[in-house]
Peer 1: 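One structure follows; several queries about it will come next.
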Amino acid sequence: MLVFKYFSNINDGFIKPYMDINDFRKQLKSSYITFENEDNIDFPERDIFNSIGIQSSYNDNLKTYNLDINDENKFMYKDINLIDDVKNILLKFKENKIEYKIDEYGMTIENGIIGLFIPDMIEDQSDSEFNEQKVRSINIYFDHGECSLSFERLISNHIPSKKTYEKSKISSDDAPSVLMYLEHQKYLASHGKSKDTAQYIEMQKKLVAEGKVIEAIQKDIEDIKNKTNIIYTKGLNQMKNYAKTLNPNDFIEK
């Protein structure tokens, strides 16, 4: 998952309007499939980054012209995640006095630079289903005005580390985890190749083998909070509550 942040200033972010196609691809650092738009002379080429839910279109000079960010990601605009329920978004817009327009495709803000795409859009705000709609993607139209974007990567961090139950019954998909910024994960006690990391993993592995999974989880939680303050508190609480529903014996290696 990528967490994008929008800037009205062109110099604040590192993704800018009309970037060279190769520079843009280097920024995303992800595999892509290129399509040629034979029927559209204005946008002759388009990249699809399937693994991160991004599509980019380029103009006839092969410069970034349009960006589509789907709901596998987050898109932050003035601390508001725009990939959310319409009800939540409009509540934030009202609180922050943000002007928006509604059309057949969804909503637009920032004079049309940002488009919030809603499939089968219901435009009538008096309709009972209006607020139940969800934004499925964000479209950035670089030709509508100056702006820039930045992003950070979120990854799934297993708690306790997968190394503590590699040969057990529970799978990685079912094991407890929390989304974290990639830059934060490398500072955790459970990550790295140092002697201290190895000792920490052995300690956690012993707790898991004794069926004390929640105790092992709590040690990871304390480590994360000590090194990242409170930004993961909600996710950690949800993860711990989920872990309590699991059978600790499923973590014991056979």
Peer 1: Looking at Ile10, is its backbone amide N or carbonyl O close enough to the side chain of Lys16 to form a donor-acceptor pair, meaning the two atoms are under 3.5 Å apart?
Peer 2: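 Judged by distance alone, yes, a pair lies under 3.5 Å.
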Peer 1: Would you say Ile52 and Arg153 make side-chain contact, with heavy atoms under 4.5 Å?
Peer 2: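 Side chain of Ile52 against side chain of Arg153, heavy atoms only: contact under 4.5 Å found.
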Peer 1: Go through Lys169 and Asn247 one step at a time and tell me if the side-chain contact (heavy atoms from CB on, under 4.5 Å) criterion holds.
Peer 2: CA-CA 10 Å; Lys169 178 180 178 180; Asn247 184 348; over 6 Å; no
Peer 1: Mind checking the CD-CZ spacing from Glu123 to Phe130? Nearest 0.5 Å is all I need.
Peer 2: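 Going from CD on Glu123 over to CZ on Phe130, the span is 9.0 Å.
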Peer 1: Might you point out which heavy atoms bring Ser172 and His158 nearest each other, and give the distance in Å?
Peer 2: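 For Ser172 versus His158, the nearest heavy atoms are O-NE2, 2.9 Å.
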Peer 1: So, the side chain of Glu110 versus the backbone of Ser8: is there a donor-acceptor pair under 3.5 Å, distance only?
Peer 2: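 Checked: no pair found.
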Peer 1: Kindly work out whether a path of hydrophobic side-chain contacts (I/L/V/M/F/W/Y, heavy atoms less than 4.5 Å apart) joins Met180 to Val3.
Peer 2: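 As far as the 4.5 Å side-chain criterion goes, Val3 and Met180 are connected within one cluster.
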Peer 1: Check whether more than 12 heavy atoms from other residues, nucleotides or ligands sit under 6.0 Å from atom CG of Asn111, and answer yes or no.
Peer 2: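 Not more than 12 within 6.0 Å, no.
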Peer 1: To the nearest 0.5 Å, what is the distance between NZ on Lys219 and CD on Glu215?
Peer 2: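 Lys219 atom NZ to Glu215 atom CD measures 6.0 Å (nearest 0.5 Å).
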Peer 1: Is it the case that the side chain of Thr64 and the backbone of Tyr18 share a donor-acceptor pair, with hydrogens and angles ignored and the cut-off at 3.5 Å?
Peer 2: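 Indeed, once roles are kept as given, a pair shorter than 3.5 Å links the two residues.
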Peer 1: Just wondering, do Val208 and Pro160 contact through their side chains at under 4.5 Å, heavy atoms?
Peer 2: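 Yes; the side chains approach each other to less than 4.5 Å.
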Peer 1: Give the cluster check for Met76 versus Ile83: same hydrophobic cluster or not, with ILVMFWY residues linked at side-chain heavy-atom distances below 4.5 Å.
Peer 2: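 Result: no, two separate clusters.
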Peer 1: Yes or no on side-chain contact (heavy atoms from CB on, under 4.5 Å) for Asn96 and Lys78, after CA distance, side-chain angles and deciding distance?
Peer 2: CA-CA 9 Å; Asn96 292 275; Lys78 296 184 177 181; 5.6 Å; no
Peer 1: What is the distance from atom CG of Leu116 to atom CD1 of Ile102, rounded to the nearest 0.5 Å?
Peer 2: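 Separation between the atoms: 10.5 Å.
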Peer 1: If you define the side chain from C-beta out and look only at heavy atoms, does anything of Asp79 sit under 4.5 Å from Lys92?
Peer 2: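 SC-SC contact between Asp79 and Lys92 ruled out.
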Peer 1: Are Tyr77 and Phe7 connected in the hydrophobic side-chain network, where two residues link if heavy atoms are under 4.5 Å apart?
Peer 2: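 Shared cluster, no.
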Peer 1: Taking all non-hydrogen atoms of both residues, which atom of Asp124 and which atom of Ser126 are closest, and how far apart?
Peer 2: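 So the two residues come closest at OD1-OG, 2.6 Å.
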Peer 1: Hey, is Lys163 close enough to Glu166 for a salt bridge, meaning N to O under 4.0 Å?
Peer 2: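 So Lys163 does not pair with Glu166 through a salt bridge.
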Peer 1: Minimum heavy-atom separation for Asp84 and Ile89, please, with both atom names.
Peer 2: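 Scanning both residues, the minimum pair turns out to be O-CD1, 3.7 Å.
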Peer 1: Would you check if Tyr187 and Thr228 make a side-chain contact, meaning some heavy-atom pair closer than 4.5 Å?
Peer 2: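 When only atoms from C-beta onward are counted, Thr228 and Tyr187 do not touch, as no gap falls below 4.5 Å.
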Peer 1: Would you check if the side chain of Asp103 reaches a backbone N or O of Tyr105 as a donor-acceptor pair within less than 3.5 Å?
Peer 2: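 Answer holds: yes.
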Peer 1: For residues Asn81 and Asn88, determine if any side-chain heavy atom of one lies less than 4.5 Å from a side-chain heavy atom of the other.
Peer 2: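 The answer is no; the side chains never approach within 4.5 Å.
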Peer 1: Give a yes or no on whether Lys63 atom NZ has more than 12 heavy-atom contacts from other residues, nucleotides or ligands under 6.0 Å away.
Peer 2: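 For Lys63, atom NZ is crowded (more than 12 foreign heavy atoms under 6.0 Å).
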Peer 1: Tell me, please, whether Phe117 has Arg136 positioned over its six-membered ring: NZ or CZ under 6.0 Å from the ring centre and within 45 degrees of its axis?
Peer 2: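 No cation-pi geometry.
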Peer 1: For Gln185 versus Ser156, what's the shortest heavy-atom pair and its separation?
Peer 2: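 Minimum heavy-atom contact is NE2-O, 4.4 Å.
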Peer 1: Within this structure, what is the OG-NZ distance for the pair Ser161 and Lys205, rounded to the nearest 0.5 Å?
Peer 2: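 Between atom OG of Ser161 and atom NZ of Lys205 there are 9.5 Å.
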Peer 1: Should side-chain heavy atoms under 4.5 Å link Ile, Leu, Val, Met, Phe, Trp and Tyr, which residues sit in the same cluster as Leu182?
Peer 2: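 Once heavy-atom contacts under 4.5 Å are chained together, Leu182 belongs with Ile155.
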Peer 1: Under 3.5 Å, which donor-acceptor pairs link side chains of residues 138-152 to any protein atom two or more places apart or in another chain?
Peer 2:
{"residue": "Asp143", "atom": "OD2", "partner": "Tyr65", "partner atom": "OH", "Å": "2.8"}
{"residue": "Ser148", "atom": "OG", "partner": "Asn9", "partner atom": "O", "Å": "2.6"}
{"residue": "Ser148", "atom": "OG", "partner": "Gly13", "partner atom": "N", "Å": "2.9"}

Peer 1: Looking at Ile80, Ile114, Asn70, which hits side-chain contact (heavy atoms from CB on, under 4.5 Å) with Phe75?
Peer 2: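 In the set Ile80, Ile114, Asn70, the residue that makes a side-chain contact (heavy atoms from CB on, under 4.5 Å) with Phe75 is Ile114.
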Peer 1: Just so I know, are the side chains of Asp71 and Lys134 near enough to count as touching, which here means a heavy-atom distance under 4.5 Å?
Peer 2: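 Asp71 vs Lys134: side chains apart.
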Peer 1: In terms of the angle between their ring planes, are His184 and Tyr232 parallel, tilted or perpendicular, with boundaries placed at 30° and 60°?
Peer 2: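 Taking Tyr232 first and then His184, their aromatic rings stand perpendicular (interplane angle over 60°).
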Peer 1: Please answer: with hydrophobic residues joined when any side-chain heavy atoms are less than 4.5 Å apart, are Tyr32 and Phe35 in the same cluster?
Peer 2: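 No, because Tyr32 and Phe35 fall into different hydrophobic clusters, even though each may have its own neighbours under 4.5 Å.
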Peer 1: Look at the rings of Phe93 and Tyr100 and say which category their plane angle falls in: under 30° parallel, 30 to 60° tilted, over 60° perpendicular.
Peer 2: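 Ring orientation of Phe93 relative to Tyr100: tilted.
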Peer 1: Working to the nearest 0.5 Å, report the span between CG of Asp68 and CZ of Phe49.
Peer 2: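 These two atoms lie 12.0 Å from each other.
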Peer 1: Show the numbers, then the answer: is there a side-chain contact (heavy atoms from CB on, under 4.5 Å) between Leu236 and Ile159?
Peer 2: CA-CA 9 Å; Leu236 289 170; Ile159 300 175; 3.8 Å; yes
Peer 1: Counting only heavy atoms not in Glu95 (residues, nucleotides, ligands), do more than 12 fall under 6.0 Å from its CD?
Peer 2: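 More than 12 heavy atoms, drawn from other residues, nucleotides or ligands, come within 6.0 Å of this atom.
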Peer 1: With a 4.5 Å limit on heavy-atom distance, are the side chains of Lys240 and Lys244 in contact?
Peer 2: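 Counting from C-beta outward, Lys240 and Lys244 do come under 4.5 Å.
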Peer 1: In terms of hydrophobic clustering (I, L, V, M, F, W, Y; side-chain heavy atoms under 4.5 Å; direct or indirect links), are Tyr200 and Leu188 co-clustered?
Peer 2: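 No, no single cluster joins them.
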Peer 1: Among side-chain atoms of Ser194 and Thr197, is any donor-acceptor pair under 3.5 angstrom?
Peer 2: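 Their side chains do contain a donor-acceptor pair, which is all the 3.5 Å distance test asks for.
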Peer 1: Is the count of non-hydrogen atoms from other residues, nucleotides or ligands lying under 6.0 Å from Lys227 atom NZ greater than 12?
Peer 2: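 Result for NZ/Lys227: enclosed.
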Peer 1: Check the pair Asp250, Ser168 against side-chain contact (heavy atoms from CB on, under 4.5 Å), reporting the backbone distance first and the verdict last.
Peer 2: CA-CA 6 Å; Asp250 290 343; Ser168 69; over 6 Å; no
Peer 1: Keeping Asn73 on the side-chain end and Leu2 on the backbone end, is there a donor-acceptor pair under 3.5 Å?
Peer 2: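 Flag set: sc Asn73 to bb Leu2 pair under 3.5 Å.
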Peer 1: Under the side-chain hydrogen bond (donor to acceptor under 3.5 Å, both in side chains) criterion, do Tyr58 and Asp47 qualify, and how do the steps go?
Peer 2: CA-CA 8 Å; Tyr58 309 98; Asp47 287 340; 2.6 Å; yes
Peer 1: Is it true that, when you exclude Gln125 itself, more than 12 heavy atoms of the residues, nucleotides or ligands shown sit nearer than 6.0 Å to its CD?
Peer 2: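 More than 12 heavy atoms, drawn from other residues, nucleotides or ligands, come within 6.0 Å of this atom.
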Peer 1: Does Lys206 have any salt bridge (Lys or Arg N to Asp or Glu O under 4.0 Å) partners at least two apart in sequence or in another chain, and if so, which?
Peer 2: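 By the salt bridge (Lys or Arg N to Asp or Glu O under 4.0 Å) rule, Lys206 matches Glu210.
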Peer 1: Output the distance between atom CD1 (Ile69) and atom OG (Ser56), rounded to the nearest 0.5 Å.
Peer 2: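 Output value for this atom pair is 10.5 Å.
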Peer 1: Answer yes or no: is there a side-chain heavy-atom contact under 4.5 Å between Asn241 and Gln238?
Peer 2: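 A side-chain contact under 4.5 Å is absent here.
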